[in-house]
> 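I am attaching a structure below and will ask some questions about it afterwards.
Values below: every heavy atom of this structure, side chains too, minus hydrogens, waters and symmetry copies. Quick note: residue numbers are just sequence positions, from 1.
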Amino acid sequence: LLLAKWNNTAATVITSLTAYGLILFVADLVAVIKRNVIVNDDLLVLRTGLRWRVITHPANIGMIKKITNDYQLEDKYLKGGTIKNAGNLLITFKHPVKVEKLYGKDSEISSILMNIDNADSFIKRCNIADLLN
């Protein structure tokens with residue numbers, strides 16, 4: 001409203017961008033709740049909301065490490081949790097995987113730190129209990 005006193009066009013642009021940001025925020029929040037991690041015999045889909053997605057085979061998992069506190073690794077890894085600096089599983093792949101990010105900013109990565117609600121069930125479902133570190 002204050003900006004509209006000086007420039008109606010700028011006020012309209014700022015209002016539109018704010019509305020777009022609010023819609024994107026709500027959509028991502030709903031997607032975090034409804035878009036689950038998928039584990040099948042031949043398909044593993046890891047994702048967090050609308051932000052990123054990885055599709056690979058469960059056999060491509062090299063190691064899984066349970067994380068209890070904030071984790072810092074020297075190597076490059078994707079901070080894939082809802083909150084960027086927290087996660088409960090570090091998933092390392094045998095071969096790099098393609099990360100499909102929002103707005104087409106794809107990249108390849110070898111490790112992902114992410115939050116999974118039931119980590120033990122995820123590990124059991126992937127049949128990778130022997131890869132747990």
Side-chain angles (χ1 to χ4, degrees):
L1 293 174
L2 184 62
L3 188 59
K5 285 184 175 184
W6 290 284
N7 191 335
N8 284 335
T9 305
T12 303
V13 169
I14 296 297
T15 302
S16 300
L17 290 174
T18 303
Y20 175 74
L22 182 62
I23 291 169
L24 187 62
F25 175 75
V26 170
D28 188 50
L29 183 63
V30 170
V32 165
I33 295 168
K34 293 190 176 195
R35 293 182 74 199
N36 298 327
V37 171
I38 298 173
V39 181
N40 292 332
D41 292 335
D42 58 347
L43 181 69
L44 174 64
V45 180
L46 301 172
R47 55 193 173 190
T48 296
L50 300 173
R51 297 176 207 161
W52 63 270
R53 176 179 69 172
V54 169
I55 300 173
T56 188
H57 194 280
N60 190 25
I61 296 176
M63 182 182 69
I64 293 183
K65 183 175 183 179
K66 288 186 179 181
I67 305 297
T68 55
N69 296 325
D70 288 347
Y71 184 75
Q72 298 296 327
L73 183 67
E74 294 79 31
D75 296 333
K76 184 180 175 183
Y77 65 96
L78 174 68
K79 294 179 182 178
T82 306
I83 301 172
K84 291 289 184 185
N85 60 355
N88 65 349
L89 285 181
L90 178 69
I91 303 168
T92 304
F93 299 100
K94 295 176 185 173
H95 307 287
V97 293
K98 180 181 175 187
V99 180
E100 300 169 8
K101 295 183 180 178
L102 195 60
Y103 301 119
K105 296 183 179 182
D106 299 348
S107 62
E108 284 199 356
I109 201 81
S110 296
S111 298
I112 297 174
L113 178 65
M114 67 180 299
N115 292 319
I116 295 186
D117 291 336
N118 192 342
D120 295 326
S121 175
F122 171 78
I123 293 166
K124 183 179 177 184
R125 185 94 168 114
C126 289
N127 295 322
I128 51 175
D130 57 328
L131 300 176
L132 187 63
N133 186 4

> Nearest 0.5 Å, what's the OG-NZ distance between S110 and K94?
13.5 Å
> Drop me the distance from D106's CG to E108's CD, to the nearest 0.5 angstrom.
9.5 Å
> In chain order, what residues pass the side chain to side chain donor-acceptor pair (under 3.5 Å) check against R53, with sequence neighbours excluded?
E100
> Hey, could you give me each pair passing side chain to side chain donor-acceptor pair (under 3.5 Å) that has a residue in residues 8-26? Not counting sequence neighbours.
Y20-Y103
> I need the H57 NE2 to H95 NE2 distance, nearest 0.5 Å.
11.5 Å
> Can you list the residues that meet the side chain to side chain donor-acceptor pair (under 3.5 Å) rule with D28, with sequence neighbours excluded?
R51
> Taking the side chain as C-beta and beyond, is there a heavy-atom pair between W52 and T48 under 4.5 Å?
yes
> For K101, enumerate each residue passing the salt bridge (Lys or Arg N to Asp or Glu O under 4.0 Å) test, keeping only those at least two apart in sequence or located in another chain.
none
> Which distance, rounded to the nearest 0.5 Å, do you find between the CD1 of I55 and the NZ of K98?
9.5 Å
> Do V32 and V99 share a hydrophobic cluster, counting only Ile, Leu, Val, Met, Phe, Trp and Tyr and linking them when any side-chain heavy atoms are less than 4.5 Å apart?
no
> Output all residues satisfying side chain to side chain donor-acceptor pair (under 3.5 Å) with N40, sequence neighbours left out; order by chain, then residue number.
none
> How long is the span from the CG atom in N118 to the CZ atom in R125, to the nearest 0.5 Å?
12.0 Å
> Got a sec, which residues hit side-chain contact (heavy atoms from CB on, under 4.5 Å) with A119, two or more places apart in sequence or on another chain?
N88, L89
> Are L46 and L50 grouped together when hydrophobic residues (ILVMFWY) are joined by side-chain heavy atoms under 4.5 angstrom apart?
no
> Would you say that I112 contacts Y77 through its side chain, given a criterion of any heavy-atom pair below 4.5 Å between the two side chains?
no
> Closest heavy-atom contact between L90 and S111?
CD1-CB, 4.2 Å
> Look at the side-chain heavy atoms of Ile, Leu, Val, Met, Phe, Trp and Tyr, link any pair under 4.5 Å apart, and say whether V39 and I91 land in one connected group.
yes
> Rounded to the nearest 0.5 Å, what separation is found between the OG1 atom of T92 and the CE atom of M63?
4.0 Å
> Specify the closest pair of heavy atoms between N36 and R47, including all atoms of both residues, with the distance to one decimal.
O-NE, 2.8 Å
> Just wondering, do D120 and K66 contact through their side chains at under 4.5 Å, heavy atoms?
yes
